2 protein chains.
Amino acid sequence: MTQERSGARRSPTGDQLRTWREFVETTDALRSRLSSRLQAESSLSSSDYAVLLALHDADGHCLRSSALADAVGWERSRLSHQVGRMERRGLVARQGSRSAGVALTDDGAATFRRASVAHLRTVRHLFVDALTDDQLAAAGEIAAALRAALDRPGG
Amino acid sequence: MTQERSGARRSPTGDQLRTWREFVETTDALRSRLSSRLQAESSLSSSDYAVLLALHDADGHCLRSSALADAVGWERSRLSHQVGRMERRGLVARQGSRSAGVALTDDGAATFRRASVAHLRTVRHLFVDALTDDQLAAAGEIAAALRAALDRPGG
DNA sequence: ACGTCGGAGTTGACGTGTCAATTCCCGGAG
DNA sequence: CTCCGGGAATTGACACGTCAACTCCGACGT
């Protein structure tokens, strides 16, 4: 990897900072574009979609809260609020008492299937097709390197 | 499900989708890590920081709302709410009547300077130092390519 | 059996982002 | 001068995320 450049902890150079800003602003814009497309096409937020996806992939279209939180990688309380809102809209249903699990309703499953077609097309259009094969591969490596830095103890 | 023959609008392949998910989840995690560091070190949100940065760079530490909205790339109403909150905390001040502009207070300028040292160190640590020189360059190219796709008419 | 301990799940309060009004101000037409 | 149109800026209502309580329930030791 990058070896120690002279000073231990000095600021990024102007070029590095420019790259950083371009990178973060663009990924932000991409995220928000995808989210508003999803909203416009299917009346779902990205969070809604993440939950529907996790439940759709799950056995019996049902998961316990903790497994679901794990699958989407969220805090418990965030999930609880999210599931509450989705339950009000009829996309999911809580099973039995306190800790039985969350299940996709038929409506939720149908909504997800409809949404995912459009969503995947958008992903292809704005990400996959926007990059060359080399760039796509590089994007994967960059993500892995960033993830490694995040997971490093001092991260 | 996926037909081989239809070229134009088919779904991403499994590999492409994996890369996408890894990419988006990692950039998300990076963003949220930076944001919580900033919060812990300086009691500023990323939005606060963006506004302070734009004003700090501005002539006279002051900008009209529309110029500021432009600089940070936000909706007007989002900016208005944000400035209102920051004004309550004494970081910025609205000038005169309705549309004169927003200025950095001394407190805001000092807070920004203090925050930026720590923030830039974190950026260096989690982004610049996490990537090889080649990866950093590739990140810039990827951002440019994604930006181009976003800006394209049909985007 | 009884207590109590701890983790899972929920709730409430609050800061934040978005959308749809609404207000304010300015410049031109009558 | 007065009225009107339109853009800039603000506001309100609501969806969302986070943090800190709080509730529930089952496991364990005695």
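Lettering follows sequence order; numbering is per chain, from 1. These numbers were taken from a predicted model, which means no experiment stands behind them.
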Colleague: For dG17(C) and Q82(B) - does any side-chain N or O of the residue sit under 4.0 Å from the phosphate oxygens OP1/OP2?
Modeller: yes
Colleague: Tell me whether R85(B) is salt-bridged to D48(B), with the criterion being a basic N under 4.0 Å from an acidic carboxylate O.
Modeller: no
Colleague: Without decimals, in angstroms, what is the distance between R88(B) CZ and dT16(C) C1'?
Modeller: 11 Å
Colleague: S80(B) side chain: which of dG17(C), dG17(D), dT11(D) is closest?
Modeller: dT11(D)
Colleague: Using a 3.5 Å distance criterion without hydrogens, assess whether the side chain of R37(B) forms a donor-acceptor pair with backbone atoms of H119(B).
Modeller: no
Colleague: Looking at S45(A), does any N or O in its side chain come under 4.0 Å of the phosphate oxygens OP1/OP2 on dC16(D)?
Modeller: yes
Colleague: Would you say R64(B) places a side-chain N or O within less than 4.0 Å of OP1 or OP2 belonging to dA9(D)?
Modeller: no
Colleague: Would you say the side-chain atoms of T111(B) pair up with the backbone N or O of D107(B), donor to acceptor, closer than 3.5 Å?
Modeller: yes
Colleague: When the distance from CG of D28(B) to P of dC16(D) is rounded to whole Å, what number comes out?
Modeller: 16 Å
Colleague: Can you tell me if T27(B) and R31(A) form a side-chain donor-acceptor pair at under 3.5 Å?
Modeller: yes
Colleague: Below 4.0 angstrom from OP1 or OP2 of dT16(C), is there any side-chain N or O of S47(B)?
Modeller: no
Colleague: Specify the separation, in whole Å, of atom CZ of R78(A) and atom C1' of dG17(C).
Modeller: 14 Å
Colleague: With 3.5 Å as the limit, what N/O pairs link the protein to nucleotides 12-15 of chain C?
Modeller:
| from | atom 1 | to | atom 2 | distance (Å) |
| --- | --- | --- | --- | --- |
| dG12(C) | O6 | H81(A) | NE2 | 2.8 |

Colleague: What is the distance, to the nearest angstrom, from the CD atom on Q39(B) to the P atom on dC19(D)?
Modeller: 9 Å
Colleague: Tell me whether the count of non-hydrogen atoms from other residues, nucleotides or ligands lying under 6.0 Å of CD in E75(A) goes above 12.
Modeller: no
Colleague: Between S42(B) and Q39(B) (side chain of the first, backbone of the second, donor and acceptor by atom type, cut-off under 3.5 Å), is there such a pair?
Modeller: no
Colleague: Just checking R94(B): base, sugar-phosphate only, or nothing, at a heavy-atom cut-off of under 4.0 Å?
Modeller: sugar-phosphate
Colleague: Starting from C1' on dG17(D), measure out to CG on D48(A) and report it in whole angstrom.
Modeller: 14 Å
Colleague: In whole Å, what is the span from the CH2 atom of W74(A) to the C1' atom of dG17(D)?
Modeller: 10 Å
Colleague: Quickly work out the M86(A) CE to dA15(D) P distance and round it to whole Å.
Modeller: 14 Å
Colleague: Which comes earlier along DNA chain C counting from the 5' end, the contact point of R76(A) or that of S36(A), where each point is its nearest nucleotide?
Modeller: R76(A)
Colleague: Roughly, in whole Å, what's the span from CD in E75(A) to P in dA20(D)?
Modeller: 11 Å
Colleague: When Ile, Leu, Val, Met, Phe, Trp and Tyr are grouped by side-chain heavy atoms lying under 4.5 Å apart, directly or through other members, which residues fall in the same group as L79(B)?
Modeller: L38(B), L44(B), Y49(B), V51(B), L52(B), L53(B), L55(B), L63(B), L68(B), V72(B), W74(B), V83(B), M86(B), L91(B), V92(B), V102(B), L104(B), F112(B)
